Amino acid sequence: MQYVSTRGQAPVLGFEDVLLAGLARDGGLYVPQSWPQFSKDDIRTMRGLPYSEIAVRVMLPFLGGAIAEDDFRAIVKDAYASFDHAAVTPLVQLDQSNWVLELFHGPTLAFKDVALQLLGRLFDHVLAKRGERVTIVGATSGDTGSAAIEACRDRQNVDIFILHPKGRTSEVQRRQMTSVLSDNVHNIALHGTFDDCQDLVKAMFNDVAFRDRMGLSAVNSINWARIMAQIVYYFTAAVALGAPDRKVAFTVPTGNFGNVYAAYGARAMGLPIEKLVVGSNSNDILARFFASGTMSAAPVVPTLSPSMDIQISSNFERLLFDLLGRDGAAVTASMNRFRAEGKFEVTEAQLAEALAIFSGHRVDEAGTMATIEAVWTGCGYLLDPHTAVGVASAKAAGLPADVATVILATAHPAKFPDAVEKATGHRPDLPPRLSDLYVREERLSELPNELGAVQDFVAARARAAKEAA
Ligand SMILES: *Cc1c(COP(=O)(O)O)cnc(C)c1O
């Protein structure tokens, strides 16, 4: 299996290099040269298998032999043993034709764990084979830092440094990061804002000598292996509901377009999917694209579903690559135009091709709250605000009743207790694995908003730097 860049100028790479590279050198995103194919019989034989076994079958073709099957099986089993539900991603039925797919049973209660728990272990495996180490640096406003930390904790060949703005994350968010006491985890509480944290991370990457000496790397949402890991649960959910002999659709609360692009991948691999419903909050660039064929940026507004407060969905470039006939030059032209003018458009035929697969919907704050309330009243189930955007979008899509519709639950309601309590009068409890969060020991280092201070801190602790010295 080889991977090509959506911009057509970067070298074609195998799985290991794509895993470690993240972004392609031409600024593009890596996608498989062709999709592995699963027949209806292949899919039928997945029925009744454990999550990890379906995961191995679905992902193995993407590795192109880079990791031996038995090693890979052990890595996958270990990754999903960290989830607190035996089914890993269980389904819950809401009504006659709608199910929720709970993706929040990992260590940080959000769906990013599904991909990141595997990614951290894959990094470690490949780095050990190569005798290399990397230093992950990242900035967080509170939401995504903990999933990266949980992915990297205790890994042999990875050190992780996460900057958060001191005093500007919620206490739960901070504690989820700072109560991880592993030697290779370094939380930096910066005297500054989230933008300051991001600027410092960018500055570290732009300092080429520093970047090379530290072996800097990132685990961001454009990494191909994250998409690969997310394809799995579309198969497990569809098969559990009777696919390929029953019609299935998915509704995905969407931000960066990574999760719903994974669904597109599952479909391209032969999983029959009637429709992919893209749910947006008030940051509705995708809903406007599917309505008009024009992608046009607008300012980001804060909402009850902060992980979807995004106006540039970076993974959309992977879909655009296919809509433009896998023409890297055409993708480059569109992305350049987007950067210069804040918009680009596709032709009517290309939009029609997209609409044969996707539909896009926008759900505002009132709609989000009303949906949390209605589902709680209707079946006593608590939705988090992101999942509520999905449930409302599924309704708006108006799919036929004989289609089993799966709504992806991307966060546990206890991650957003204030909104849930306001909508239902019921405050969700943290699950047992986090119930002692408020009494756990914390470890963090406060640093001034100065590049030199942060670089010195990283250089003194990163094992990659010590070996280079
Ligand atoms: C990241 C995230 C999303 C958006 O997923 P994308 O893959 O970026 O579209 C939705 N909900 C939650 C809770 C998230 O953390």
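Both ligands and their constituent atoms are indexed starting at 1 by order of listing. Here the structure is a predicted model, which is why all the values come from computation and not from measurement.
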>> What does the 4.0 Å heavy-atom contact list look like for ligand 1?
In response: Phe111, Lys112, Pro253, Thr254, Gly255, Asn256, Phe257, Gly258, Asn259, Ser307, Met308, His386, Thr410, Ala411
>> Which label fits Phe62 and Trp35: parallel for a plane angle under 30°, tilted from 30 to 60°, or perpendicular past 60°?
In response: perpendicular
>> Going by the rule ring-ring contact (aromatic ring centres under 6.0 Å, His included), which residues pair with Phe123 if we only count those two or more places apart in sequence or in a different chain?
In response: none
>> For a ring-ring contact (aromatic ring centres under 6.0 Å, His included) check, start with the C-alpha distance between Tyr234 and Phe250, then their side-chain angles and the critical distance, and finish with the verdict.
In response: CA-CA 8 Å; Tyr234 292 99; Phe250 289 94; 4.8 Å; yes
> According to the interplanar angle, ranging from 0 to 90°, do the rings of Phe15 and Tyr3 count as parallel (below 30°), tilted (30 to 60°) or perpendicular (above 60°)?
Replying inline: tilted
>> Parallel, tilted or perpendicular, judged at 30° and 60°: which one describes the rings of Phe257 and Phe358?
In response: tilted
> Hey, does the side chain of Gln37 reach the backbone of Ala268 with a donor-acceptor pair shorter than 3.5 angstrom?
Replying inline: yes
